[in-house]
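To start, the structure itself, in structure tokens.
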2 protein chains.
Amino acid sequence: MPPITYDLEPTNFQFVDPKTGQRQIPFGEYLFQRVLDAGTNSIFGVPGDFNLPLLEYLYEPQLVKQGLRWIGNCNELNAAYAADGYSRYSNKIGCLITTYGVGELSAMNGIAGAFAEGCKVLHIVGVARSADSRCKEFSQRNLHHLVPQLHDANFKGPNHKVYYDMVKDRVCCSAEYLEDINLACDQVDKVIRDIYKFSKPGYIFVPADFVNLTVPVTNLLNTPSITLQDCIEPAPASVVKDLTSMILEAVYNSTTPAIVGDVLTDRYGANDLLNELIKITGMWNFSTVSGKTIIDESNPTYMGLYNGEEGPTVVKNRFMECDLVLHFGVEINEVNSGHYTTQYKPGCQLIEFHPTYIRFSIPGTTKQEIFKDVHFLPILKEILQTIDATKLNKQYPPNVKAFRTAELEFHHDPNAKIVTQTFIQNKFCDYINPGDVIVCETGSVQFAMRDLVFPSQVKYISQGFFLSIGMALPAALGVGIAMQDFPDAHLNGKLSSKPRLILLEGDGAAQMTIQELTSFIRFDVPVEIVLWNNNGYTIERAILGPTRSYNDVMPWDWTKLFAAFGDFGSKSTTNTIVETPDEFTQKMTELKEGKKQTSIELLEVKLETLDYPKQLKHMVESAKVKKVGAMKI
Amino acid sequence: MPPITYDLEPTNFQFVDPKTGQRQIPFGEYLFQRVLDAGTNSIFGVPGDFNLPLLEYLYEPQLVKQGLRWIGNCNELNAAYAADGYSRYSNKIGCLITTYGVGELSAMNGIAGAFAEGCKVLHIVGVARSADSRCKEFSQRNLHHLVPQLHDANFKGPNHKVYYDMVKDRVCCSAEYLEDINLACDQVDKVIRDIYKFSKPGYIFVPADFVNLTVPVTNLLNTPSITLQDCIEPAPASVVKDLTSMILEAVYNSTTPAIVGDVLTDRYGANDLLNELIKITGMWNFSTVSGKTIIDESNPTYMGLYNGEEGPTVVKNRFMECDLVLHFGVEINEVNSGHYTTQYKPGCQLIEFHPTYIRFSIPGTTKQEIFKDVHFLPILKEILQTIDATKLNKQYPPNVKAFRTAELEFHHDPNAKIVTQTFIQNKFCDYINPGDVIVCETGSVQFAMRDLVFPSQVKYISQGFFLSIGMALPAALGVGIAMQDFPDAHLNGKLSSKPRLILLEGDGAAQMTIQELTSFIRFDVPVEIVLWNNNGYTIERAILGPTRSYNDVMPWDWTKLFAAFGDFGSKSTTNTIVETPDEFTQKMTELKEGKKQTSIELLEVKLETLDYPKQLKHMVESAKVKKVGAMKI
């Protein structure tokens with residue numbers, strides 16, 4: 001069969017199928033309309049010849065009118081991180097477009113991270129013409145961007161789906177390689193629904209010759225939008241009712257009930273509901289590493305971030321008082337559980353709330369009851385509708401107040417001449433306004449932040465489990481773009497100050513993805529970047545090789561980067577070197593009070609090479625004791 | 001079974017197995033000794049907690065004495081590109097070390113590129129403790145850097161080999177995930193041999209707890225070195241003799257024989273042999289896109305780079321005169337064949353020389369004879385030993401001289417005020433010394449270079465088939481490091497001038513991997529960087545969307561980068577903006593004459609946004625005519 005020919009120019013008008021009389025549009029337009037229908041406005045990525053025909057549809061007036069825009073990144077890994085950040089802030093789908101092989105493979109680590117942390121990312125990959133795959137002559141040809149066969153590559157054609165085979169069932173919840181234009185629309189819708197359902201990344205592989213072929217608008221008319229709520233399959237009402245009564249009975253019988261706010265609560269849009277439950281009941285409540293700030297840490301019964309043996313004893317002691325633990329959005333991994341050291345009060349009943357199950361431990365036994373295929377969200381809603389706060393039987397130990405950062409006892413030397421991690425831990429919260437958005441890089445400072453009690457409505461974003469250094473900088477770009485698309489989306493109340501975007505970055509990590517700094521200028525994304533300069537990979541030094549050269553990086557002049565990256569004449573950025581605690585306090589106070597000189601502020605803060613917080617020391621030491629070796633970050 | 005405990009400190013002494021009395025060394029030392037035994041001195045990569053125990057062995061005195069050194073990169077993709085470049089220059093194995101997941105996945109695109117272009121790269125990945133994989137308790141745990149299961153991740157352990165499953169049989173010729181320390185040494189040796197045998201990347205996944213376990217030195221004693229030659233399996237001597245006589249008979253019978261020098265000639269170390277054959281016989285000879293400069297283009301019978309319908313007609317006309325074509329190191333792909341438009345003179349006999357076969361076409365028929373499992377290298381050697389030049393029967397058409405760049409007829413306007421692609425094509429070779437090493441980025445200038453006739457012994461390195469933009473900058477670092485480890489390795493004769501390393505880079509591509517510039521300063525790698533600034537992805541503009549915003553990038557001040565990236569006080573770099581042809585000529589002439597101000601020179605050369613060479617125009621147009629659409633770069 002001869003290869004299908006197609007017009008490289010976009011189709012700018014809609015027309016009608018002569019057979020059915022049904023209205024049709026180009027598939028490229030359908031795809032972007034579906035991205036908009038799912039709630040996403042901005043698309044990240046990098047152009048490549050296999051996706052250029054698709055990118056032409058970015059300019060369709062009717063799509064632009066709905067807010068569609070292109071955020072071109074410096075490379076594809078950064079695009080994936082940015083899409084992840086976009087989703088973490090908005091809880092919509094973060095979308096990126098890359099090209100066959102060279103682009104999609106570069107983004108792989110960002111997609112795997114989104115998978116590991118339950119983030120909604122749609123990765124659209126422009127691939128070889130479907131006509132070529134189906135035409136014997138062309139399918140035998142070794143295409144650029146496509147790896148040839150290992151054996152007999154001069155005789156045998158390549159596997160056009162080799163990259164699809166790599167990611168499918170491994171780093172995504174859904175992957176469709178489009179091969180039949182008649183199925184393409186349904187495949188697009190399926191991937192989008194799966195992304196919301198599983199809160200994991202999905203892939204659509206789009207042949208370059210499909211985008212200008214026309215498809216019916218049936219799906220657009222039948223389901224004009226696709227929301228997270230649409231994609232959650234509730235259990236039968238009777239099951240929801242029965243489980244809710246079991247849970248409420250446990251709550252009413254408990255004298256020291258606790259709520260744990262974990263990451264999947266956020267991923268399924270239940271943060272406000274959970275905070276409402278805390279408000280109604282006044283139950284003690286705890287954060288987790290992966291779920292930090294899902295629970296508003298300023299609430300009067302907030303008892304700290306529980307991380308088993310690796311968390312503060314003062315928090316553990318409170319947790320061990322509780323005879324009932326309602327763990328919402330539970331995600332069990334080594335970081336989130338203090339390396340599986342979570343403990344409960346003897347006889348405590350644990351109830352886990354998960355998108356795919358509700359689990360009841362049976363107190364005093366090792367037995368448990370698991371109800372599968374029950375999503376926690378309808379249960380949480382039912383609890384809120386039916387709970388009778390007067391039936392609560394709370395008898396918490398007297399004189400235990402809400403957890404305060406001060407309880408961490410940082411032993412900071414007030415005469416220290418330079419900024420130290422303990423100084424940061426003592427003071428950082430003073431420089432934050434309610435509702436600020438903090439993006440924190442993987443590294444030593446991430447441990448310094450862990451146990452701090454943040455002001456009301458602060459949103460804290462950090463890749464706490466997958467821990468890929470370099471992620472935070474492009475992710476912060478994605479967060480900033482999402483803050484433009486969905487202003488104040490993370491707030492549930494009015495604020496006196498405009499939420500700031502604050503990026504806490506390390507020098508070693510920053511070097512990985514530094515070029516994306518330019519995009520903050522290019523797309524007018526206001527940000528305050530605190531660059532902790534401790535001369536290399538301090539988090540690795542804490543584990544092994546404190547003075548080894550493999551933990552060194554090249555010293556940079558961080559304050560000169562923006563001048564090279566496009567801020568000609570320092571119009572939009574201010575770059576400051578901070579060495580003393582006083583300088584830090586002064587600058588951070590100015591920023592808190594909104595006295596910014598420019599929309600983009602970079603502070604290079606000098607830290608000692610071997611200065612890391614006790615949370616990190618403790619983790620490494622306890623890991624060694626547990627003989628699980630240098631395996632922690 | 002309880003997890004094995006291990007000492008985080010390196011074992012600095014060798015000892016003896018009490019049972020066998022055999023000398024043993026730590027596995028980490030064994031692994032690095034094998035890398036050295038294969039001819040590699042420098043190892044690229046990024047530290048991570050799963051590879052830290054291995055990195056400790058970088059400092060073993062007996063390994064350092066043999067030249068082992070660590071080249072820390074800014075990120076893992078750059079490390080993979082650098083390892084690829086190291087191999088392209090040295091024809092040894094380029095080695096990189098990354099960590100589980102976050103590191104190895106970031107390097108994936110670089111590995112796939114090395115696979116597609118037949119480059120020898122060893123990717124060592126530090127993974128979870130083998131003890132943990134084998135211990136039920138630990139194997140159930142969700143580890144950081146490791147993607148959890150999609151379903152029931154709170155109940156089911158992750159697949160520790162998920163990333164191994166992704167790359168195996170897809171982007172590598174060999175992959176061993178070490179699980180039994182008693183097999184580990186042989187597995188290491190196997191991967192190294194496979195890399196040389198297939199000239200493709202290989203993976204070794206090293207559990208963090210294996211590196212301090214001791215292993216016997218048996219293999220080190222039995223095979224103290226592993227070379228490319230060791231790994232080539234020759235066909236039986238009789239087969240080599242018979243095929244050689246068949247080939248020589250064809251050569252003697254031919255009146256217009258031709259030699260084509262293609263990429264695998266280089267990968268199997270046969271460049272000098274092929275140039276010797278050309279010298280002895282005076283046969284016409286042609287380059288290919290993937291094999292450019294394998295044949296010394298200054299030789300008196302060089303007839304140009306043949307690229308089918310997409311190459312210059314003046315070259316095609318010469319090629320079509322030939323009644324015999326000996327195609328050495330043949331690699332058939334769309335770029336190397338002008339999108340499968342290669343033609344031959346009617347009745348021409350084609351003989352293909354490949355590592356796994358020798359193929360004879362049967363003139364006047366569509367039939368062919370293929371001899372499988374015959375490596376071309378012993379055949380080429382046999383030809384050189386047995387050929388009798390007096391028996392040649394050459395009757396080339398009279399008055400046809402060696403191909404000269406001037407035949408390309410670039411209609412360059414001598415009064416042009418700015419540098420243009422035609423100006424570059426006219427003048428570039430004047431600025432190059434014999435023996436210089438040119439690394440060229442994927443992009444419009446790559447097409448400008450394609451047909452130029454380079455001076456004697458120039459080595460030209462470019463990712464001509466996989467075409468991943470951003471590769472050239474880190475690859476040039478790898479080339480520069482290899483030039484330190486193996487000075488003048490690419491030369492087969494003395495030179496009056498010291499070979500220069502020249503990087504031709506584009507602005508859009510450079511933004512992808514720009515941070516690696518810092519490593520040229522850090523590791524004292526002299527380089528001349530010509531940064532062609534044409535305001536974005538001009539190669540994509542040539543295909544689609546010439547004025548579309550998706551082809552734009554943020555404008556940078558390229559001359560300020562090194563100051564930020566560690567050249568404090570401009571001690572080691574000189575940065576120059578070049579706008580006019582005269583400025584370009586003057587600066588390039590200074591560099592040619594060795595009048596460098598510093599060891600690192602960066603020239604930012606301004607080009608028009610839509611100025612691209614006719615080679616690129618021609619490729620895109622002919623592609624459209626062939627209805628294979630916007631699929632070319």
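Reminder, nothing fancy here: chain letters follow the sequence lines and each chain counts from 1. Just so we're clear, the structure is a prediction, and the values are computed from it rather than from any experiment.
- Here Ser549(A) is the residue among Ala563(A), Ser519(A), Ser549(A) with the most heavy-atom pairs under 4.5 Å with chain B.
- Using modelled atom types, no side-chain atom of Asp49(A) and backbone atom of Ile543(B) make a donor-acceptor pair closer than 3.5 Å.
- Of the atoms belonging to Tyr550(A), heavy atoms from both backbone and side chain fall under 4.5 Å from chain B.
- Ring centers of Phe138(A) and His339(B): at least 6.0 Å apart, outside the cut-off.
- Pairs passing the salt bridge (charged side-chain N to carboxylate O under 4.0 Å, His left out) check and including a residue from residues 102-115 of chain A, sequence neighbours excluded, do not occur.
- Two residues are said to be in side-chain contact when any heavy atoms from C-beta on lie closer than 4.5 Å; Thr518(B) and Val553(A) fail this criterion.
- Inter-residue side-chain proximity for Phe155(B) and Arg359(A) is flagged as met; some heavy-atom pair is nearer than 4.5 Å.
- Here the side chains of Asp552(B) and Arg522(A) are in contact, with some heavy-atom distance below 4.5 Å.
- Within the 4.5 Å cutoff, the side chain of Asn333(A) has no heavy atoms near those of the His144(B) side chain.
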Worked check of salt bridge (Lys or Arg N to Asp or Glu O under 4.0 Å) between Asp557(A) and Lys560(B):
CA-CA 11 Å; Asp557(A) 187 339; Lys560(B) 287 190 174 149; over 6 Å; no
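- Remark: side-chain polar atoms of Tyr357(A) are not paired, donor with acceptor, to backbone N or O of Asp152(B) under 3.5 angstrom.
- Not a single donor-acceptor pair under 3.5 Å links the side chain of Tyr537(B) to the backbone N or O of Val46(A).
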List, one per line, each side-chain donor-acceptor pair under 3.5 Å for residues 166-174 of chain A, sequence neighbours excluded.
residue: Arg170(A); atom: NH1; partner: Asp165(A); partner atom: O; Å: 3.1
residue: Arg170(A); atom: NH1; partner: Met166(A); partner atom: O; Å: 3.1
residue: Ser174(A); atom: OG; partner: Asp194(A); partner atom: OD2; Å: 2.7

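- Between the CG atom of Leu77(A) and the CG atom of Leu77(B) there is a distance of 8.0 Å, given to the nearest 0.5 Å.
- Note on ring orientation: taking the six-membered ring where Trp is involved, the planes of Phe565(B) and Trp556(A) are tilted (angle from 30° to 60°).
- For the pair Leu55(B) and Arg548(A), the minimum side-chain heavy-atom distance is 4.5 Å or more.
- Between His151(A) and Phe198(B), the ring-plane angle classifies as perpendicular under the 30° and 60° cut-offs.
- In terms of modelled atom types and a separation under 3.5 Å, the side chain of Gln515(B) and the main chain of Gln511(A) share a donor-acceptor contact.
- Contact of Ile111(A) with chain B is not made at all, since no heavy-atom distance falls under 4.5 Å.
- Residue with the most contacts toward chain A among Lys200(B), Glu331(B), Met471(B), Glu516(B): Glu331(B) (heavy-atom pairs, distance under 4.5 Å).
- Contacts of Tyr59(B) with chain A are made by side-chain atoms alone, with heavy-atom separations under 4.5 Å and no backbone atom involved.
- Under the 3.5 Å distance criterion, the side-chain polar atoms of Asn142(B) are matched with a main-chain donor or acceptor of Ile332(A).
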